[in-house]
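Let me begin by presenting the structure, written as structure tokens, before commenting on it.
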Number of protein chains: 2
Amino acid sequence: MDLSQVSDVVILRLPMYVRALSQLLDAGSEVVDSKTLGRLIRIAPAQVRKDLSYLGKFGKQGQGYSVPYLRDELRRILGLDRRWTACLVGVGNLGQAIIDYPGFVPGGFSIVAAFDSDPELVGKSIGGIPVRPMSELDGTVEASEITIGIVAVPASQAQSVIDRLVDAGVQGILNYAPVAPHVPERVILRNIDPVLSLQSMTYYLLQGSRPD
Amino acid sequence: MDLSQVSDVVILRLPMYVRALSQLLDAGSEVVDSKTLGRLIRIAPAQVRKDLSYLGKFGKQGQGYSVPYLRDELRRILGLDRRWTACLVGVGNLGQAIIDYPGFVPGGFSIVAAFDSDPELVGKSIGGIPVRPMSELDGTVEASEITIGIVAVPASQAQSVIDRLVDAGVQGILNYAPVAPHVPERVILRNIDPVLSLQSMTYYLLQGSRPD
DNA sequence: CAATGTGAATATATTCACAGCG
DNA sequence: CGCTGTGAATATATTCACATTG
């Protein structure tokens, strides 16, 4: 099975399958069919089967998919059977909420270092993680083998912080700043931008009241 | 120009254009061409022109687009020339960071009420907004004409909170909980899910080290 | 003559529909 | 039988390429 050709939209959906399968597992289900799995994440059954077919043959005709088996396979394919280490840059309100967010650890991610340029914050400890000065970024990324940089700084600083993380060697960036940053081809970028989400939502909210 | 047929992907991109145009305006640019605008948000020039062509004819051949004019038109189309009121449910770490996040207000959104089920939090004031008990949700949404509900509660409570917001009359939900909630057709849902973003990122991070 | 606006061409994505297997 | 796995059909999205126009 040639994974390198699987398209991006499919890969983006895989974590949703993993999450749904984990739920099913917790609920004690042994098998699941594409209809049920699809309903959990609001994806058509044919789409579920097609997505999975790009990765292998995981099901049994007439029965469905083994919940624990399919979950493990998808987790392995996504690399979620390892632990990934990340650092956080920007320990303001948002950054503190990110450190304290309980969802990353079960998801497979550990934030092992935090950096901020504010001397008031440096030296403090947030959620058990010491806040280091920006000057220690490069050394720490290398020493702790950090592969992911999480960026929670103001828009104006985001690009330079991202450049710095990339230079230090991270392979992925999770960017919370409201900018469209540039990264080299080899670096994977994900943006978290609730304002953009809301600003497209309003278009549809208007429909209800827009004079046609 | 029939806006009701414009596809979702196009609408999702419009706020990015608005943001880029606002930057250009701040920088003093009067006109912009599709190449420059596209470069700012990493979209191909032909895509920029095609997207805009679904909404009208905003440019001048040989010149480009008037920055202030195009920005205003897009803002109007998205409904960003009005102010939208939202309420927040769940005033934990994440909720507090959301209230304090300075990006919503310039984006066109005001959080005018906050709710939590924790009696310790109720009555306190976070970022100038009093935290109310859940029992006041329905009445406040109606009285303050709140159209958007922002959900920052644990996964286990998300669906019931969302049901409650929908029943109270909100038309849009911005969901930060790691679940795929069900909402009626008429309600617009946007999910903010950084863990899913990271979990698809790892697939690509693995590529560098995956034995082919 | 430089850049838009847009049909036509291409590429991606989703859905259908059914053969084939457990 | 009931479901998967999958080609074929359809629907969406992007890109090309150029006629058009200020």
Side-chain angles (χ1 to χ4, degrees), chain A residues 1-17 20-21 24 29-71 73-74 77 180 200 203-204, chain B residues 1-17 20-21 24 29-71 73-74 77 180 200 203-204:
Chain A
M1 194 61 42
D2 184 4
L3 291 176
S4 65
Q5 316 246 58
V6 181
S7 80
D8 291 358
V9 272
V10 173
I11 301 302
L12 285 171
R13 279 193 292 263
L14 297 185
M16 303 195 237
Y17 295 123
L21 289 162
L24 288 165
S29 305
E30 274 298 314
V31 285
V32 66
D33 59 27
S34 60
K35 194 176 155 206
T36 306
L37 185 51
R39 198 169 37 216
L40 283 171
I41 52 181
R42 296 167 220 292
I43 284 174
Q47 181 83 78
V48 172
R49 297 199 300 277
K50 178 67 84 172
D51 283 354
L52 298 177
S53 78
Y54 293 124
L55 306 164
K57 298 187 184 194
F58 304 111
K60 285 203 176 61
Q61 273 113 327
Q63 346 254 78
Y65 303 91
S66 155
V67 171
Y69 174 66
L70 180 57
R71 174 174 173 274
E73 286 296 298
L74 294 183
I77 288 166
S200 64
Y203 174 82
Y204 298 98
Chain B
M1 197 57 48
D2 184 4
L3 291 175
S4 64
Q5 317 247 56
V6 181
S7 79
D8 291 358
V9 271
V10 173
I11 301 302
L12 285 170
R13 280 192 293 263
L14 297 185
M16 304 194 235
Y17 294 123
L21 289 161
L24 288 165
S29 305
E30 274 298 314
V31 285
V32 67
D33 59 25
S34 60
K35 196 175 154 207
T36 307
L37 185 51
R39 198 170 36 217
L40 284 171
I41 51 180
R42 296 165 221 295
I43 284 173
Q47 181 83 79
V48 172
R49 298 199 299 279
K50 179 66 86 172
D51 283 355
L52 297 177
S53 78
Y54 293 124
L55 306 164
K57 298 188 182 191
F58 304 111
K60 286 203 176 60
Q61 271 115 329
Q63 342 255 82
Y65 303 91
S66 155
V67 172
Y69 173 66
L70 181 56
R71 173 174 174 274
E73 286 296 298
L74 295 183
I77 288 166
S200 64
Y203 174 83
Y204 299 97

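Below, read A as the first sequence line, B as the second, and so on, with proteins coming before strands; counting in each chain starts at 1. What you see is a predicted model, and the numbers here were worked out from it, not measured in a lab. The analysis underlying the following values was restricted to heavy atoms, covering all of them including side chains, and did not include hydrogens, waters or symmetry mates.
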Go along nucleotides 3-11 of chain C 5' to 3' and tag each nucleotide: B for a protein heavy atom under 4.0 Å from its base, S when only backbone or sugar atoms are that close, - otherwise. BBBBBB---
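For the residue pair A/Asp8/B/Tyr203, the side-chain donor-acceptor check at 3.5 Å is not satisfied.
Applying the salt bridge (charged side-chain N to carboxylate O under 4.0 Å, His left out) definition to pairs two or more places apart or across chains, none involves residues 30-45 of chain B.
A/Ile41 is linked by a side chain to side chain contact (heavy atoms under 4.5 Å, CB included) to A/Met16, A/Tyr17, A/Ala20, A/Ile43, counting only residues two or more places apart in sequence or in another chain. For B/Arg49, there are no salt bridge (Lys or Arg N to Asp or Glu O under 4.0 Å) partners at least two apart in sequence or on another chain. By the salt bridge (Lys or Arg N to Asp or Glu O under 4.0 Å) test, A/Arg13 is found to be paired with A/Asp51, residues two or more places apart in sequence or in another chain being considered.
Remark: P of D/dC16 and CD1 of B/Ile43 are 15 Å apart, rounded to the nearest angstrom. For the pair A/Arg42 CZ and C/dT14 P, the computed distance is 17 Å after rounding to whole Å. Rounded to whole Å, atom P of D/dT6 lies 12 Å from atom CG of A/Leu55. Distance A/Leu37 CG to D/dC3 C1': 14 Å, rounded to the nearest Å.
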Which atom pairs, donor and acceptor, lie under 3.5 Å between side-chain atoms of residues 56-69 of chain B and protein residues at least two apart or in another chain?
| from | atom 1 | to | atom 2 | distance (Å) |
| --- | --- | --- | --- | --- |
| B/Ser66 | OG | B/Tyr69 | N | 3.2 |

